Q: 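After the structure tokens below, expect a handful of questions from me.
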Protein chains: 2
Amino acid sequence: MQGLSRHTALTAEDKTLLLSLELNPRRVSAGEVLWQESADVDLFCVIKEGWAYSYRNLGNGSMQILKVYLPGDIIGMRDFGFSRRLAGVAMINDGLISPFTHQQLFELFGRSPALAVGIIALTVRQQAMLTERLVYLGRYAAHERLAHFLYELYLRLKRIGAVEENGFHMPLSQEQVGDALGLSAVHVSRTFSMLRDEGLVIRDRQHVVLPDPDALARLVEFNDTYIDEALPVAFQSFAGMRSTSAPQA
Amino acid sequence: MQGLSRHTALTAEDKTLLLSLELNPRRVSAGEVLWQESADVDLFCVIKEGWAYSYRNLGNGSMQILKVYLPGDIIGMRDFGFSRRLAGVAMINDGLISPFTHQQLFELFGRSPALAVGIIALTVRQQAMLTERLVYLGRYAAHERLAHFLYELYLRLKRIGAVEENGFHMPLSQEQVGDALGLSAVHVSRTFSMLRDEGLVIRDRQHVVLPDPDALARLVEFNDTYIDEALPVAFQSFAGMRSTSAPQA
DNA sequence: CGCGGGCTTGACGTGCATCAAACACGGTGG
DNA sequence: CCACCGTGTTTGATGCACGTCAAGCCCGCG
């Protein structure tokens with residue numbers, strides 16, 4: 001809800017509808033697979049606690065992690081419009097998720113165009129992050145990929161209040177970081193050392209501190225508009241246009 | 001239209017609406033930039049003739065090509081929901097495009113839920129291709145990236161009838177192919193030679209032949225469901241649900 | 001106390017980038 | 001018709017970033 005209200009104005013009814021998606025929370029444990037690649041698309045989830053990632057297992061034995069999901073994120077929208085999953089999703093640590101069905105989503109879309117627009121906007125923004133990663137995989141060296149990855153996490157965590165004194169908890173193993181960045185675990189370790197020696201990243205076990213976030217942002221030329229930007233005006237009016245009971249602010 | 005009818009049933013009215021998007025075709029010449037990164041999002045386009053690509057120019061002087069667009073593709077949907085372009089788009093060769101506005105798109109969405117669903121489905125499928133590329137950039141070697149790239153083009157071109165005897169016209173320079181695959185132009189050349197020596201790809205200037213497409217498909221473990229798959233049943237009924245004048249098949 | 005998973009460090013090999021030079025075209029103007 | 005050029009491609013030489021293998025280390029855990 002916090003995420004959606006960033007993009008579009010919500011009425012009381014919208015909020016009730018949204019909460020109805022989160023009725024059946026379920027505890028999940030570290031490493032638990034929420035669904036496998038090629039499984040039928042039946043559910044989507046909101047993550048309430050814990051981290052998750054979507055991945056593809058490849059023919060050559062390696063894995064590519066596509067995206068890391070944090071509390072508040074919606075999982076599974078990637079597969080919206082497909083009958084089979086394009087990627088598996090697994091929990092990184094213990095957590096709490098609220099699954100909801102295709103049907104619930106359609107119903108919500110039908111009742112509140114504002115919510116439909118907002119959820120589509122969130123999905124599009126997730127896709128923008130993927131594109132950003134594609135650029136880094138294609139054209140940047142290991143230390144830039146890692147710096148970018150950490151800085152993006154930092155921004156996303158800050159939005160949900162999970163950063164304290166420029167530090168945050170990062171439950172990913174270095175092998176998993178490597179799978180996300182297209183690097184070997186060994187090289188991730190070396191790259192962390194490099195960033196430490198340059199005073200950009202301090203890490204102790206699963207705790208990461210970015211002593212000078214702005215310096216990191218400059219290093220990776222971070223463009224944060226795609227994470228936070230509000231919807232263009234045209235969208236607000238479109239959402240209002242078809243709304244039956246929810247005039248927009 | 002051909003692309004949409006693959007995913008959802010179109011009524012006569014839908015077809016009229018679609019054609020209204022293509023009223024103002026414009027000739028464009030090779031290398032012409034349709035829009036720059038960070039430009040205001042005003043237009044989308046259907047490509048009627050010619051190839052285009054979306055790209056990002058990077059701080060380190062290199063370029064990453066995100067996607068190649070072929071005749072029949074809709075360009076610009078990546079930026080749907082943003083006020084600024086996330087990537088530039090340029091023509092590869094001379095062509096013909098039909099621009100349409102945000103507003104036209106909204107109007108079309110309002111009139112035909114079936115079309116809205118179909119266009120969203122096309123957009124989601126484009127994103128699936130991007131994800132596929134991300135996987136290849138992260139975890140596969142040059143010859144696999146190139147083979148995958150060529151095979152994907154081959155499938156997409158075959159759908160629009162631009163393949164003859166397993167061969168097609170490919171107006172991209174090797175530098176551009178490199179920018180798409182995260183490789184140097186020099187290495188693209190060497191990789192082409194490699195695939196030629198293995199009998200997988202024959203190339204003469206801008207003409208490419210895949211003598212044994214199935215062998216290529218096996219090499220890259222190509223999963224073509226994401227290109228062609230029809231919409232799941234739930235979508236058809238959703239499209240029908242809100243339609244005022246267009247009962248679904 | 002021993003075990004195992006994750007992290008570190010070193011040695012070594014290699015895939016790809018980079019630089020540079022030569023080559024093959026198509027287009028242009030003389 | 002042929003010199004001329006520019007752009008794109010090929011080929012070679014060299015270097016480096018990263019992968020792989022392997023050994024040791026740290027720490028939590030049974």
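As the structure is a prediction and not an experimental result, all values here were calculated from the model. So that the names make sense, note that chain A is the first sequence line, chain B the second, and so on, each numbered from 1.
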Q: At under 4.0 Å, does any side-chain N or O of B:Gln174 touch on OP1 or OP2 of D:dT10?
A: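 So the side chain of B:Gln174 is within the cut-off, an N or O lying under 4.0 Å from OP1 or OP2 of D:dT10.
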
Q: So does A:Ser62 get a backbone contact from the side chain of A:Asn60, meaning a donor-acceptor N/O pair under 3.5 Å?
A: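 Yes, A:Asn60 side chain to A:Ser62 backbone: donor-acceptor pair under 3.5 Å.
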
Q: Which whole-number value in Å describes the distance from A:Glu175 CD to D:dT20 C1'?
A: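 Going from CD in A:Glu175 over to C1' in D:dT20 covers 13 Å.
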
Q: May I have the distance from B:Leu181 (atom CG) to C:dC16 (atom P), rounded to whole angstrom?
A: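 Rounded to whole Å, this separation is 11 Å.
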
Q: Does the cation-pi check pass for A:Arg125 over B:Phe82, that is, NZ or CZ under 6.0 Å from the six-membered ring centre and within 45° of its axis?
A: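 Yes, a cation-pi geometry.
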
Q: Touch check for A:Gly182, heavy atoms < 4.0 angstrom, all strands: base, sugar-phosphate only, or nothing?
A: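 Since only primed, P, OP1 and OP2 atoms lie under 4.0 Å of A:Gly182, the category is sugar-phosphate.
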
Q: How close or far is atom P of C:dC7 from atom CG of A:Leu183, stated in whole angstroms?
A: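 In whole Å, C:dC7 P and A:Leu183 CG are 14 Å from each other.
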
Q: Would you mind classifying the nucleic acid contact of A:Ser184 as base, sugar-phosphate or nothing, using non-hydrogen atoms under 4.0 angstrom?
A: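 The residue A:Ser184 makes base contact.
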
Q: Nearest whole Å is fine: how far is D:dG28 P from A:Asp204 CG?
A: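 It works out to 10 Å between those atoms.
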
Q: Please confirm whether the backbone N or O of A:Ser29 pairs with a side-chain atom of A:Glu32, one donor and one acceptor, at under 3.5 Å?
A: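 Side chain of A:Glu32 to backbone of A:Ser29, a donor-acceptor pair under 3.5 Å: yes, one is there.
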
Q: Distance under 6.0 Å and angle within 45° of the ring axis: does A:Arg145 meet both against A:Tyr136?
A: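 Pair A:Arg145/A:Tyr136 does not count as cation-pi.
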
Q: Mind calculating the distance between NE2 (B:His187) and P (D:dT9) to the nearest angstrom?
A: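 So the NE2-P distance, B:His187 to D:dT9, works out to 16 Å.
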
Q: Compute the angle between the rotation axes at the two ends of the helix from C:dC1-D:dG30 to C:dG30-D:dC1, each taken over five pairs, rounded to 10 degrees.
A: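 The end axes of the helix from C:dC1-D:dG30 to C:dG30-D:dC1 are about 30° apart, to the nearest 10°.
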
Q: Can you tell me the distance, in whole Å, between the CD1 atom of A:Ile92 and the C1' atom of C:dG6?
A: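 The distance from CD1 of A:Ile92 to C1' of C:dG6 comes to 16 Å, rounded to the nearest Å.
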
Q: Just checking B:His207 against B:Phe168, ring centres under 6.0 Å apart?
A: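 They do not qualify: ring centres at least 6.0 Å apart.
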
Q: C:dG10 base to A:Arg190 side chain: any donor-acceptor pair below 3.5 Å?
A: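 For A:Arg190, whose side chain was compared with the base of C:dG10, there is a donor-acceptor pair (under 3.5 Å).
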
Q: How is B:Ala185 classified with respect to the nucleic acid when contacts are heavy atoms under 4.0 Å: base, sugar-phosphate, or nothing?
A: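 Answer is nothing: B:Ala185 stays at 4.0 Å or more from every strand.
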
Q: Considering only C:dA17, D:dC18, C:dC19, which nucleotide approaches the side chain of B:Val186 most closely?
A: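 The answer is C:dC19.
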
Q: Determine, for B:Glu49 against B:Arg27, whether the closest basic-nitrogen to carboxylate-oxygen distance falls under 4.0 angstrom.
A: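 Judged by the 4.0 Å cut-off on N to carboxylate O distance, B:Glu49 and B:Arg27 do form a salt bridge.
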
Q: Taking the minimum atom-to-atom distance to the side chain of A:Ser189, which one of D:dG8, D:dC18, C:dT8 wins?
A: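 Of D:dG8, D:dC18, C:dT8, C:dT8 is nearest to the side chain of A:Ser189.
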
Q: Going by the rule side chain to side chain contact (heavy atoms under 4.5 Å, CB included), which residues pair with A:Asp214 if we only count those two or more places apart in sequence or in a different chain?
A: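 Scan of A:Asp214 (side chain to side chain contact (heavy atoms under 4.5 Å, CB included), adjacent residues dropped) gives A:Asp212, A:Arg218.
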
Q: In whole angstrom, give the distance that lies between atom CZ of B:Arg196 and atom C1' of D:dT10.
A: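 In whole Å, D:dT10 C1' lies 10 Å from B:Arg196 CZ.
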
Q: Mapping A:Arg205 and A:His143 onto DNA chain D by nearest heavy atom, which one lands closer to the 5' end?
A: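 Result: A:His143.
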
Q: A:Phe192 CZ to C:dT9 P: how many Å, rounded?
A: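 In whole Å, C:dT9 P lies 14 Å from A:Phe192 CZ.
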
Q: Under 4.0 Å, counting only non-hydrogen atoms across every strand here, what does B:Arg203 touch: a base, just sugar-phosphate, or nothing?
A: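 Sugar-phosphate contact only.
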
